[in-house]
Amino acid sequence: MVALLEDDLAGASDEAGVALTEYFVTDRAKWVWRYRVDQLASDPGCAGWLTQIVVAEPEGVVVGYAGFHGPPDEAGMVELGYSVVPVHRRQGYARAILTALVRRAAAEAEVRIVRATISPDNAASLATISGFGFVEVGEQWDEEDGLELIFEVPA
């Protein structure tokens, strides 16, 4: 993440062991890396929950990044997040990522609730979570993303 923040795409790719694209050094991606680096600095124990690169198998192609906003909170809630590289969208990767994240959360005894927050204008993400049992439970204002609808599903 530090290499990506420094626009060192080659170094980040070497460290990750996969070829990363310019998508990983966009302003939006850098916001994620900066936030996660700060999070890791304050709590190194959360590393296993945070954003990771998503690689499609068996092709070995990097299709995005995904993870949780952190470990389960005191109520057992984890919030997931993911992003698919534009050239790989509308190919089922978002649904596959969501499936993997929900399964990971369900496999952890301390997780009771999985949350997703989505802009009401993001039709693709709203469609992606349909069929997973998510229920809209409210809304919030996010400094980075603006208005978001809050969806939750029991783990």
Side-chain angles (χ1 to χ4, degrees), residues 1 4 16-18 20-21 23-155:
M1 288 185 273
L4 292 170
V18 291
L20 302 176
T21 66
Y23 187 69
F24 290 83
V25 291
T26 61
D27 288 343
R28 177 69 181 153
K30 283 184 172 184
W31 183 91
V32 172
W33 310 140
R34 193 171 301 106
Y35 192 87
R36 298 298 177 230
V37 165
D38 291 346
Q39 217 175 347
L40 285 167
S42 66
D43 181 10
C46 70
W49 288 95
L50 301 183
T51 310
Q52 299 178 26
I53 295 165
V54 177
V55 179
E57 296 296 340
E59 305 87 3
V61 176
V62 175
V63 297
Y65 53 87
F68 298 93
H69 292 247
D73 66 12
E74 59 282 346
M77 187 274 296
V78 291
E79 183 174 343
L80 55 82
Y82 57 90
S83 184
V84 177
V85 177
V87 299
H88 297 296
R89 291 180 182 161
R90 304 195 55 78
Q91 298 176 39
Y93 291 118
R95 191 165 288 276
I97 291 167
L98 185 58
T99 299
L101 290 172
V102 170
R103 283 185 183 155
R104 159 75 198 293
E108 301 290 336
E110 67 269 28
V111 177
R112 293 188 293 284
I113 301 165
V114 180
R115 175 178 284 180
T117 57
I118 302 171
S119 165
D121 299 331
N122 189 338
S125 285
L126 292 169
T128 299
I129 69 163
S130 69
F132 281 84
F134 282 91
V135 174
E136 186 175 343
V137 297
E139 61 183 43
Q140 67 184 15
W141 185 262
D142 182 88
E143 288 183 28
E144 181 69 18
D145 299 324
L147 179 64
E148 296 177 325
L149 303 176
I150 303 170
F151 295 89
E152 293 180 348
V153 65

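Numbers here are sequence positions counted from 1.
- The shortest side-chain heavy-atom distance between Leu80 and Leu98 falls under the 4.5 Å cut-off.
- To the nearest 0.5 Å, the span separating CD1 on Ile53 from CZ on Phe24 amounts to 5.5 Å.
- A perpendicular orientation is assigned to the rings of Phe68 and Trp49, their planes being inclined by more than 60° (bins at 30° and 60°).
- Interatomic distance, Asp145 CG to Arg28 CZ, rounded to the nearest 0.5 Å: 4.0 Å.
- At a threshold of 4.0 Å, the pair Arg34-Asp27 does not count as salt-bridged, since none of the basic side-chain nitrogens sits closer than that to a carboxylate oxygen.
- The CG atom of Asn122 sits 10.0 Å away from the CG atom of Leu149 when rounded to the nearest 0.5 Å.
- For Arg104, the salt bridge (charged side-chain N to carboxylate O under 4.0 Å, His left out) partners are Glu108, not counting sequence neighbours.
- Using cut-offs of 30° and 60° for the angle between ring planes, the Phe134 and Phe132 rings count as tilted.
- For Glu136, the side chain to side chain donor-acceptor pair (under 3.5 Å) criterion is met by no residue, not counting sequence neighbours.
- Inter-residue side-chain proximity for Tyr23 and Val62 is flagged as unmet; no heavy-atom pair is nearer than 4.5 Å.
- Val25 and Lys30 make their closest contact through O-CE, 3.6 Å (heavy atoms, listed as atom of the first residue, atom of the second, distance).
- In terms of heavy-atom proximity, Ala155 sits nearest to Ala106 at O-CB, 3.3 Å.
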Exercise. Go through the steps for Thr51 and Met1 under the test side-chain contact (heavy atoms from CB on, under 4.5 Å), then give the verdict.
Key: CA-CA 10 Å; Thr51 310; Met1 288 185 273; 5.6 Å; no
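- Atom CD in Glu139 sits 10.5 Å away from atom CD in Glu148 (nearest 0.5 Å).
- Arg89 approaches Val84 most closely through the heavy-atom pair NE-O, 2.7 Å.
- Shortest non-hydrogen contact noted between Ala56 and Val63 is CB-CG1, 3.9 Å.
- Smallest separation of non-hydrogen atoms from Pro72 and Val111: CG-CG2, 3.6 Å.
- A donor-acceptor contact shorter than 3.5 Å is absent between the side chain of Arg115 and the backbone of Ile150.
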Exercise. Could you walk me through whether Leu20 and Leu4 pass the side-chain contact (heavy atoms from CB on, under 4.5 Å) test, one step at a time?
Key: CA-CA 10 Å; Leu20 302 176; Leu4 292 170; 4.1 Å; yes
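- Between His69 and Gln39, the shortest heavy-atom contact is O-NE2, 2.5 Å.
- Interatomic distance, CZ of Arg112 versus CD of Glu110, reported as 9.0 Å (0.5 Å rounding).
- You'll find the side chain of Val54 stays beyond 4.5 Å of the side chain of Tyr93, heavy atoms only.
- For the atom pair OG1 of Thr117 and CG of Asp142, the computed distance is 6.5 Å after rounding to the nearest 0.5 Å.
- Under a cut-off of 6.0 angstrom, the local environment of CD in Glu57 is crowded, with over 12 non-hydrogen atoms contributed by other residues, nucleotides or ligands.
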